[in-house]
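Here is how names work: the chains are called A, B, and so on, in the same order as the sequence lines, proteins then strands, and each is numbered from 1. Below, each value reflects all heavy atoms present in this structure, side chains not excepted, and no hydrogens, waters or symmetry copies.
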2 protein chains.
Amino acid sequence: MAVSVGIVEDHAEFRKSLVFLVSSIEDYKVIWSFGSVEEAIEKGYTPDVVLLDINLPRMTGLEAIALFKSKWSDAKIVMLTILEDEYNILTAIKNGADGYILKKTNPQKILDAIQQVFDGGAALTPMVAKQVLSFFKDEKKEQEQASILTKREQEILTCIVSGLTNDKIAAMLFISTQTVRNHIKNIYEKLHVHSKAQVVAKALKEKMI
Amino acid sequence: MAVSVGIVEDHAEFRKSLVFLVSSIEDYKVIWSFGSVEEAIEKGYTPDVVLLDINLPRMTGLEAIALFKSKWSDAKIVMLTILEDEYNILTAIKNGADGYILKKTNPQKILDAIQQVFDGGAALTPMVAKQVLSFFKDEKKEQEQASILTKREQEILTCIVSGLTNDKIAAMLFISTQTVRNHIKNIYEKLHVHSKAQVVAKALKEKMI
DNA sequence: CTGAATATGACCCCAAAGGGCTATTTTTTG
DNA sequence: CAAAAAATAGCCCTTTGGGGTCATATTCAG
């Protein structure tokens with residue numbers, strides 16, 4: 001059974017090339033190709049894989065990802081674009097894209113990407129993968145520098161996130177409840193928050209603990 | 001000028017195969033290969049790319065990444081391992097690996113990876129890329145747990161996580177503070193918690209919002 | 001060595017949160 | 001339609017938390 005492919009690309013020339021490229025392989029079958037998201041949603045039927053441009057008239061490819069995913073929940077989405085900036089890459093990934101390939105990539109790699117996402121993997125061209133990974137590394141750096149809190153404050157922060165009351169924290173650390181409260185006040189000031197709920201949200205979202 | 005490659009792999013058989021594979025290409029040159037991190041650090045000299053196993057005697061490949069990077073700051077590190085769990089993948093990336101390839105990958109892909117990282121990109125096999133991307137998407141675990149809560153309760157949960165007081169929540173939802181308190185009590189009962197700090201921790205850890 | 005940062009502890013005040021009730025209206029669902 | 005679930009709102013009382021100010025011992029870095 002051939003892999004069915006849908007294509008959304010507004011440049012007619014390039015769209016034709018894509019259709020030709022993908023159709024040239026026996027295992028793949030282009031079941032539709034359109035110049036806009038709206039047409040694809042309206043007229044396209046369930047594909048295994050969608051090749052999706054980002055710069056499109058009216059609705060962008062980024063917005064279309066969720067739409068396609070909700071309409072065809074099993075379809076894999078491969079972004080195929082010239083855009084290789086952090087915003088577009090990360091947004092596509094967060095929205096659920098399974099692959100992100102640059103148009104300048106060698107055509108064989110586009111076919112590889114189709115196969116890879118169809119097999120349940122993800123497909124990223126090396127330069128895109130690089131960006132994704134460096135985003136990770138930056139996250140780690142921020143984590144490390146986030147130690148504005150003193151050792152004691154971090155201990156108490158951990159207790160707060162565990163849901164302990166001040167009395168329990170005091171008992172656990174063998175200090176008075178007053179001292180716990182003072183540390184908490186200092187933590188609040190440093191993190192610019194005003195309640196335990198806020199401090200827990202901040203600590204977990206910014207992976208401070 | 002050929003790309004110089006260093007290899008750290010403790011299985012002698014597989015190490016030999018790797019040396020043979022990489023050396024078979026004119027553009028690549030294996031300048032050293034060792035069975036442990038310690039040997040590589042001591043005897044190896046600056047390579048362009050290091051192929052690095054994770055399961056190694058004494059020091060693991062994960063720990064070695066930082067070491068190699070500090071010794072040879074321009075060297076690219078490609079993990080080559082059978083481990084494809086989240087911990088190993090993410091740790092390798094956070095520690096600065098430029099590639100993560102599974103041993104079961106087709107040999108040509110290993111050579112591709114060397115070229116890709118040498119060219120300044122990153123190399124991930126599709127299944128690894130998949131894991132990295134799903135980490136990004138913050139793929140909420142089971143939705144069932146969240147659906148214990150009613151729509152209203154989820155709205156209020158979101159407000160709590162945002163750090164709002166009951167009064168603010170009431171004002172925002174155009175209901176009385178008492179009603180907010182009642183909803184919160186119900187949320188606490190359903191989630192088996194007893195404070196806002198606990199509910200925030202639970203909601204964020206279990207990705208309920 | 002000395003001053004700054006940290007850790008400890010206390011006081012007051014009152015706002016906020018939490019637990020236990022009951023009760024009505026609306027919405028959902030079998 | 002009738003029962004169940006959800007949303008609304010009120011009451012009581014107690015505990016906890018948040019903000020301000022002050023004070024002392026210890027630790028750490030210039």
Side-chain angles (χ1 to χ4, degrees), chain A residues 70 141-209, chain B residues 140-209:
Chain A
S70 68
K141 263 185 220 160
E142 277 173 39
Q143 276 172 51
E144 282 169 351
Q145 81 180 25
S147 51
I148 333 162
L149 299 185
T150 68
K151 205 159 197 162
R152 201 51 153 173
E153 286 165 354
Q154 288 190 52
E155 284 183 301
I156 287 175
L157 177 59
T158 305
C159 292
I160 294 174
V161 173
S162 303
L164 300 179
T165 64
N166 296 353
D167 280 345
K168 296 275 181 61
I169 298 173
M172 179 159 291
L173 301 179
F174 302 106
I175 55 179
S176 85
T177 308
Q178 285 306 322
T179 304
V180 172
R181 300 187 56 204
N182 286 331
H183 284 305
I184 292 177
K185 285 174 194 173
N186 293 331
I187 293 171
Y188 286 1
E189 200 170 351
K190 288 184 180 177
L191 301 185
H192 309 109
V193 297
H194 304 280
S195 74
K196 288 189 174 179
Q198 291 177 334
V199 91
V200 170
K202 184 149 194 159
L204 291 178
K205 284 179 180 168
E206 301 186 5
K207 306 188 201 306
M208 294 175 59
I209 56 167
Chain B
K140 56 237 171 231
K141 285 190 270 181
E142 316 100 77
Q143 194 85 20
E144 335 122 58
Q145 277 203 315
S147 58
I148 299 175
L149 299 185
T150 68
K151 204 160 197 163
R152 201 52 152 174
E153 286 164 353
Q154 287 190 53
E155 284 183 300
I156 287 175
L157 177 59
T158 305
C159 292
I160 293 174
V161 174
S162 303
L164 299 180
T165 63
N166 296 354
D167 280 344
K168 296 275 181 60
I169 298 173
M172 180 159 289
L173 301 179
F174 302 105
I175 56 178
S176 84
T177 308
Q178 283 306 322
T179 303
V180 173
R181 280 154 57 61
N182 286 331
H183 284 304
I184 292 178
K185 286 174 195 173
N186 293 332
I187 293 171
Y188 286 2
E189 201 171 350
K190 288 182 180 177
L191 301 184
H192 310 107
V193 296
H194 304 279
S195 73
K196 288 189 174 179
Q198 289 177 335
V199 91
V200 171
K202 184 149 193 159
L204 291 178
K205 284 180 179 168
E206 302 187 4
K207 305 190 201 301
M208 294 174 58
I209 57 166

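- Regarding contacts with the backbone of C/dA15, every side-chain N or O of B/Thr165 stays at 4.0 angstrom or more from both OP1 and OP2.
- In this structure, B/Phe174 places its CZ atom 12 Å from P of D/dA9, rounding to the nearest Å.
- When all heavy atoms of B/Val200 and A/Leu204 are compared, the pair lying nearest together is O-CD1, 4.3 Å.
- Using a 4.0 Å heavy-atom distance criterion, B/Thr177 is classed as making no nucleic acid contact.
- Rounded to an integer number of Å, the gap from B/Lys151 NZ to D/dT8 P is 13 Å.
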Exercise. Where do B/Thr177 and B/Asp167 land on the side-chain hydrogen bond (donor to acceptor under 3.5 Å, both in side chains) test, with the steps shown first?
Worked result: CA-CA 6 Å; B/Thr177 308; B/Asp167 280 344; 3.0 Å; yes
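- Between the NZ atom of A/Lys168 and the P atom of D/dT16 there is a distance of 8 Å, rounded to whole Å.
- Proximity note for A/Lys190 (side chain, C-beta onward) versus C/dT6, C/dC11, C/dG18: the nearest is C/dT6.
- Put simply, CD on A/Gln178 is 12 Å from P on D/dG17, counting in whole angstrom units.
- Across all strands, A/His194 comes closer than 4.0 Å only to sugar-phosphate atoms, never to a base (heavy-atom distances).
- Distance from the side chain of B/Ile184 is smallest for C/dG18 among the nucleotides C/dG18, C/dT8, D/dA7.
- Taking 4.0 angstrom as the limit, A/Ser176 places a side-chain polar atom (N or O) nearer than this to OP1 or OP2 of C/dA10.
- OP1 or OP2 of C/dT8 lies within a sub-4.0 Å distance of a side-chain N or O belonging to A/His183.
- For NZ of A/Lys190, the number of neighbouring non-hydrogen atoms (other residues, nucleotides, ligands) closer than 6.0 Å is greater than 12.
- Residue A/Tyr188 places at least one side-chain N or O under 4.0 Å from the OP1 or OP2 atom of D/dG18.
- B/Gln198 places a side-chain N or O within donor-acceptor distance of the main-chain N or O of A/Gly163, the cut-off being under 3.5 Å.
- The side chain of B/Thr179 approaches D/dA9 more closely than any other nucleotide in the set C/dT6, D/dG19, D/dA9.
- Side-chain atoms of A/Lys202 do not come within 3.5 Å of backbone N or O of A/Val193 as any donor-acceptor pair.
- Across the protein-nucleic acid pair, B/Ile187 atom CD1 and C/dA17 atom C1' stand 14 Å apart, rounded to whole Å.
- In terms of phosphate contacts, A/Asn166 brings no side-chain nitrogen or oxygen within less than 4.0 Å of OP1 or OP2 of D/dT16.
- When the nearest nucleotides of DNA chain D are assigned to B/Lys185 and B/Glu153 by heavy-atom distance, the more 5′-ward of the two goes with B/Glu153.
- Nearest to the side-chain atoms of A/Arg181 among the listed nucleotides C/dG9, C/dA16, C/dC12 stands C/dC12.
- Proximity of a side-chain donor or acceptor of A/Ser176 to a complementary backbone N or O of A/Gln178 within less than 3.5 Å is detected.
- Nearest to the side chain of A/Lys196, among D/dG18, C/dG18, C/dT8, sits D/dG18.
- Atom-to-atom, CG of B/Asn186 to P of D/dA9 comes out at 14 Å; the value is rounded to the nearest Å.
- Summarising the geometry, the separation between CG on A/Leu173 and P on C/dG9 is reported as 10 Å, rounded to the nearest angstrom.
- Across the protein-nucleic acid pair, A/Ile169 atom CD1 and C/dA7 atom C1' stand 16 Å apart, rounded to whole Å.
- Out of D/dG19, C/dG9, C/dT6, the shortest distance to the side chain of A/Asn182 is found at C/dG9.
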